[in-house]
2 protein chains.
Amino acid sequence: MSQTVDRALSILPLLAEGPANLEQVAARLGVHKSTALRLLRTLHEHGIVHRQPDQRYRLGSRIFALAQQAVENLDVREIAHPHLVELNARTGHTVHLAVHEEDEVLYIDKVESRYPVRMYSRIGKPVAITNAAVAKLLLADLPEQERRAVAQRLDYPRYTARSITDAKTFLAELAKVREQGWATDLGGHEESINCVGAPVRGPDGRAVAAMSVSAPNVVVSADELLGLLPLVRRTADAISDEYSGKTPEKERHP
Amino acid sequence: MSQTVDRALSILPLLAEGPANLEQVAARLGVHKSTALRLLRTLHEHGIVHRQPDQRYRLGSRIFALAQQAVENLDVREIAHPHLVELNARTGHTVHLAVHEEDEVLYIDKVESRYPVRMYSRIGKPVAITNAAVAKLLLADLPEQERRAVAQRLDYPRYTARSITDAKTFLAELAKVREQGWATDLGGHEESINCVGAPVRGPDGRAVAAMSVSAPNVVVSADELLGLLPLVRRTADAISDEYSGKTPEKERHP
DNA sequence: TCGAGCCGTTGCAGTAAATGCAACAGGCAT
DNA sequence: ATGCCTGTTGCATTTACTGCAACGGCTCGA
């Protein structure tokens with residue numbers, strides 16, 4: 001739409017490949033040297049572009065600062081909420097969103113089941129970290145050393161007969177979750193409740209949150225709940241994409 | 001220099017603060033809505049700006065992708081080299097640059113001492129990881145869990161009487177190094193050789209490399225070498241800034 | 001149901017601002 | 001010293017950016 005800006009922005013991916021001098025930039029833009037110079041100057045004034053001692057141009061610190069500030073000011077909950085609502089509308093079950101924080105995993109959003117039977121949980125409340133699907137997802141994403149250390153520190157209460165009650169089993173479960181990219185909790189926390197969940201990832205690929213769908217046995221069987229897995233994963237991926245600022249393939253013709 | 005580009009770039013820090021709609025952007029730029037719209041469109045086409053479902057604008061994934069690609073294609077050695085040469089010119093001693101890679105710390109650049117007595121080292125060769133100043137610096141920067149795990153895995157050869165020979169001592173030394181932001185090796189690897197070093201940090205604050213000045217006892221005493229510390233640190237910081245694309249305060253009037 | 005208000009979008013005419021040219025300048029190597 | 005290579009500047013041309021005003025879609029309230 002705006003030619004000047006268009007040209008200026010086209011410089012960025014070019015410089016991301018590595019340092020380049022004025023002539024190279026001008027050549028790849030297909031413009032006169034003087035034009036390229038003025039564009040680079042403007043980018044330079046904004047700190048987007050950095051000038052090396054050898055006069056060549058590179059991407060500058062401002063790019064890093066902007067990227068960092070942008071993620072800091074992003075609110076997962078705000079972005080995720082509409083997706084959670086939609087998933088709840090489609091399935092009718094309780095949907096949770098959780099984050100990891102200092103050896104705890106906390107619910108930060110929840111959309112209640114439309115069925116009369118509901119499970120107990122509250123926004124801001126720590127989850128059953130050794131069994132909840134969202135906890136497995138978030139801990140599975142940690143680097144190996146830290147994952148092992150955390151697993152050692154935890155308590156393993158036997159909520160039910162199917163609870164995970166030791167670090168070794170837990171780590172094995174995390175490895176599986178890490179591998180497959182989704183997690184379940186089949187009666188490990190509350191006897192009659194099953195969950196299936198998937199991670200929400202940020203622009204760097206790390207899990208920033210996790211979401212799950214929970215339902216009691218009496219409403220749907222574990223197998224039926226697992227049938228929702230593709231939908232849950234698609235939802236989580238959609239949140240990830242939106243959180244990362246990715247624009248999905250949409251508009252074909254204007 | 002270029003008004004259009006200047007305005008377009010001014011939008012970025014504004015959006016980094018959080019999502020904003022067209023009017024807000026136009027207002028803060030001091031331009032007509034239609035002008036802001038066209039700028040945002042251009043930014044959008046380049047993926048720099050993302051449009052949320054609620055029509056508001058945010059920074060897009062391209063920012064993150066660019067920042068990431070830029071650091072990947074950056075060569076610390078290339079940037080550091082002139083600084084190392086200058087430091088060597090000023091001090092006369094051997095200057096090393098090293099990086100951390102899979103439980104090893106490797107020399108990736110070296111500027112030889114001007115004195116006849118030289119120390120043995122080679123580019124590409126692993127350093128004495130339990131004693132070298134550069135190794136301490138790079139390992140001290142790891143997250144605590146990983147640092148502990150690495151320390152356990154290492155061997156602790158007794159090169160000299162002053163070598164570090166156990167994990168506990170090593171971890172204590174790393175903690176000290178982490179705290180003070182610089183490191184030494186006083187005869188821990190070779191009896192008669194002392195080193196003093198400082199870390200090179202990337203835009204995110206993590207150490208991407210470390211550099212050191214080494215000299216034999218017969219040329220300068222350990223105390224004299226320590227006198228070079230401020231210079232070494234300034235050099236390392238200068239490399240860090242340049243690596244991160246920071247432009248130091250320079251030009252006052254054009 | 002209708003209408004008012006809010007915001008984003010579009011077409012257009014005027015002109016400001018970007019472009020390319022050509023000449024200059026500074027550095028480096030021959 | 002001299003020539004080449006690359007970045008920089010002043011200027012005339014005209015392109016393409018701007019602001020205006022009118023339109024359109026949507027939401028909210030009467």
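Keep in mind that this is a model prediction, so the values were computed, not measured. Chain identifiers are assigned alphabetically (A, B, ...) following the order of the sequence lines, protein sequences preceding nucleic acid strands; residue numbering begins at 1 within each chain.
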* To do: Report the distance from atom CG of A/Leu40 to atom P of D/dG7, rounded to the nearest whole Å.
  => 10 Å
* Is the phosphate of C/dT10, meaning OP1 or OP2, less than 4.0 Å from a side-chain N or O of B/Arg41? -> yes
* Asked: Are A/Leu87 and A/Met211 side-chain neighbours, meaning at least one heavy-atom pair lies under 4.5 Å?
  -> yes
* Asked: Just how far, in rounded Å, is P of C/dG27 from CG of A/Asn21?
  -> 17 Å
* Asked: What is the per-nucleotide protein-contact pattern of nucleotides 15-24 of chain C, from the 5' end, where B denotes a base atom under 4.0 Å from a protein heavy atom, S denotes such proximity for sugar-phosphate atoms only, and - denotes neither?
  -> --SSBBBB--
* To do: Flag the pair B/Arg90 and B/Glu86 as a salt bridge only when some basic side-chain nitrogen lies within less than 4.0 angstrom of an acidic carboxylate oxygen.
  => yes
* Have a look at A/Arg51 and say if it touches a base, only the backbone sugar-phosphate, or nothing, with a 4.0 Å heavy-atom cut-off. => sugar-phosphate
* Asked: Expressed in angstrom and rounded to an integer, what is the separation of B/Asp6 atom CG from D/dC17 atom C1'?
  -> 14 Å
* **Heavy atoms from other residues, nucleotides or ligands near CD of B/Glu101 exceed 12 (cutoff 6.0 Å)** => no
* B/Asp54 CG - D/dT27 C1' separation (whole Å) -> 15 Å
* To do: Scan side-chain atoms only and decide if B/Asn194 and B/Asn217 contain a donor-acceptor pair under the 3.5 Å cut-off.
  => yes
* To do: Specify the separation, in whole Å, of atom NE2 of A/His44 and atom P of D/dT8.
  => 10 Å
* Asked: D/dT6 C1' sits how many Å from A/Glu23 CD, rounded?
  -> 6 Å
* To do: Using whole Å, report how far CG of B/Leu37 lies from C1' of D/dC23.
  => 14 Å
* Asked: Regarding A/Asp109 and A/His96, is there a side-chain donor-to-acceptor distance under 3.5 Å anywhere?
  -> no
* Asked: Any side chain to side chain donor-acceptor pair (under 3.5 Å) pairs touching residues 16-29 of chain B, not counting sequence neighbours?
  -> B/Glu17-B/Arg28
* To do: Specify the separation, in whole Å, of atom CG of B/Leu22 and atom C1' of D/dG25.
  => 15 Å
